[in-house]
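Report on one structure; see the data block that follows.
First the proteins, then the strands, lettered A, B, ... as listed; each starts at 1. Predicted model only: the values in this text are computed from it and were never measured.
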Number of protein chains: 2
Amino acid sequence: MKIGQVAEVSGLPAKTIRYYESIGLIEPAGRTSSGYRAYQEKDIETLKFIQRARSLGFSINEVSALLMLWNDRNRASAQVKELAKQHVADMDRKIAELQSMKDTLSNLIEKCQGDHRPDCPILNDFAQTDR
Amino acid sequence: MKIGQVAEVSGLPAKTIRYYESIGLIEPAGRTSSGYRAYQEKDIETLKFIQRARSLGFSINEVSALLMLWNDRNRASAQVKELAKQHVADMDRKIAELQSMKDTLSNLIEKCQGDHRPDCPILNDFAQTDR
DNA sequence: ATGAGGCTTACAGTTACAGGAAGGTCAAGC
DNA sequence: GCTTGACCTTCCTGTAACTGTAAGCCTCAT
């Protein structure tokens, strides 16, 4: 299979697949006699795995760790669980941070008339020096 | 005031202040005879404004727009409100996305024993091809 | 006068790719 | 046999918003 088809079935752009190869996340693909990348079933499964993990927000580094665990028949599931838990904790932190920012800004928006007059509690708050 | 003190009172690292100058977000600061940056009260207020807006998640571009509105005595507050609302909508999208990823992963974690055995529903799910 | 700490510029590195240029390959149609 | 268009190749640049590092002035206190 050539990279274009692999891109379709894996859900990853061809550009991204080449990128993953270039940074060593995946093994260099085989080549046809004319130099095109040629993918096997196993490669495609790996790329789907990566796509799924990335879509759940794992970083490239985390995906790399997950791939190693996946390819290690003797790994303990506890390691995977631990990695996943840390990732969930990261997400929780980010969600809380975003939520807090959003709440603050939403409050300011409510106070702002939003008409033609220049007085705006949002800007006034931003300019507040005693905070 | 020199950049170090400005960094302290504004809450922005000196490095970041120089960066903001380099990209044109703020005017080039005045200089002492020996070449050090010298800041006025107005500059410091601007930097505090930027710090506050950034801490609420506005991008540099958005901050730039907010600064123009702030410095425009004739702007209508409606524009500011609109910008802020869009930003809140962005945050809502991001929160929802993170929450959804988190829920999915949390479900998988619950199903995982997390012991010494290699069988792991998390990895199995990632490797699932029929999704 | 010398040492510590603050300031200067400039360049590289970070994350995870996307865009584009210049050129090779392949299957189909005339 | 030749062209055309889609697909492939590598290489380089750009993105957001900084942070780190190096090499070298400036300032102040001892």
Can you measure [X] atom [atom1] to [N] atom [atom2] for me and round it to whole angstrom units?
X       : N      : atom1 : atom2 : answer
B:Ile23 : D:dG14 : CD1   : P     : 16 Å
B:Ile60 : D:dA17 : CD1   : C1'   : 6 Å
A:Lys15 : D:dT13 : NZ    : P     : 14 Å
B:Ile50 : D:dC18 : CD1   : P     : 10 Å
B:Leu56 : D:dA17 : CG    : P     : 15 Å
B:Tyr19 : C:dA10 : OH    : C1'   : 16 Å
B:Leu47 : D:dC18 : CG    : P     : 12 Å
B:Ile17 : C:dC7  : CD1   : C1'   : 13 Å

Subject >> Residue whose closest nucleotide on DNA chain D lies nearer the 5' end, A:Gly35 versus B:Lys2 >> reply: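 Upstream on the strand: A:Gly35.
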Original post:
Pick the nucleotide of DNA chain D nearest each of A:Gly4 and B:Phe58; which residue has the one closer to the 5' end?
Top reply: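 The residue whose closest nucleotide sits nearer the 5' end is A:Gly4.
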Base, sugar-phosphate, or nothing: which does [X] touch, judged by heavy atoms less than 4.0 Å apart?
X       : result
A:Ile3  : sugar-phosphate
B:Ser59 : sugar-phosphate
B:Arg37 : sugar-phosphate
B:Arg54 : sugar-phosphate

Original post:
Side-chain heavy atoms under 4.5 angstrom apart, residues restricted to Ile, Leu, Val, Met, Phe, Trp, Tyr: same cluster for A:Leu69 and A:Ile60?
Top reply: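 Yes, because A:Leu69 and A:Ile60 connect within a single hydrophobic cluster, where side-chain heavy atoms sit under 4.5 Å apart.
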Subject >> Verify same cluster id: A:Met68, A:Leu83 (apolar side-chain graph, 4.5 Å) >> reply: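 No, separate clusters.
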Original post:
Taking atom CZ of B:Phe58 and atom CG of B:Asp90, what is their separation to the nearest 0.5 Å?
Top reply: 9.5 Å
Original post:
Using a distance-only test with no angle check, is there a side-chain donor-acceptor pair under 3.5 angstrom linking B:Asn124 and B:Gln128?
Top reply: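 Not at all, the side chains of B:Asn124 and B:Gln128 share no donor-acceptor pair under 3.5 Å.
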Subject >> Minimum-distance nucleotide (side-chain atoms of A:Pro13 versus D:dC26, C:dA18, D:dC18) >> reply: C:dA18
Subject >> Nearest to side-chain heavy atoms of B:Tyr36, which nucleotide of C:dG6, C:dC26, C:dC17 >> reply: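 Shortest atom-to-atom distance from the side chain points to C:dG6.
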Original post:
Between B:Phe49 and B:Trp70, does the ring centre distance come in under 6.0 Å?
Top reply: yes
Original post:
Within the structure, does a side-chain N or O atom of B:Ser34 lie under 4.0 Å from either OP1 or OP2 of D:dC25?
Top reply: no
**OP:** Taking only the side-chain nitrogens and oxygens of B:Arg31, find out if one of them lies under 4.0 Å from OP1 or OP2 of C:dT9.
**Re:**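 Yes.
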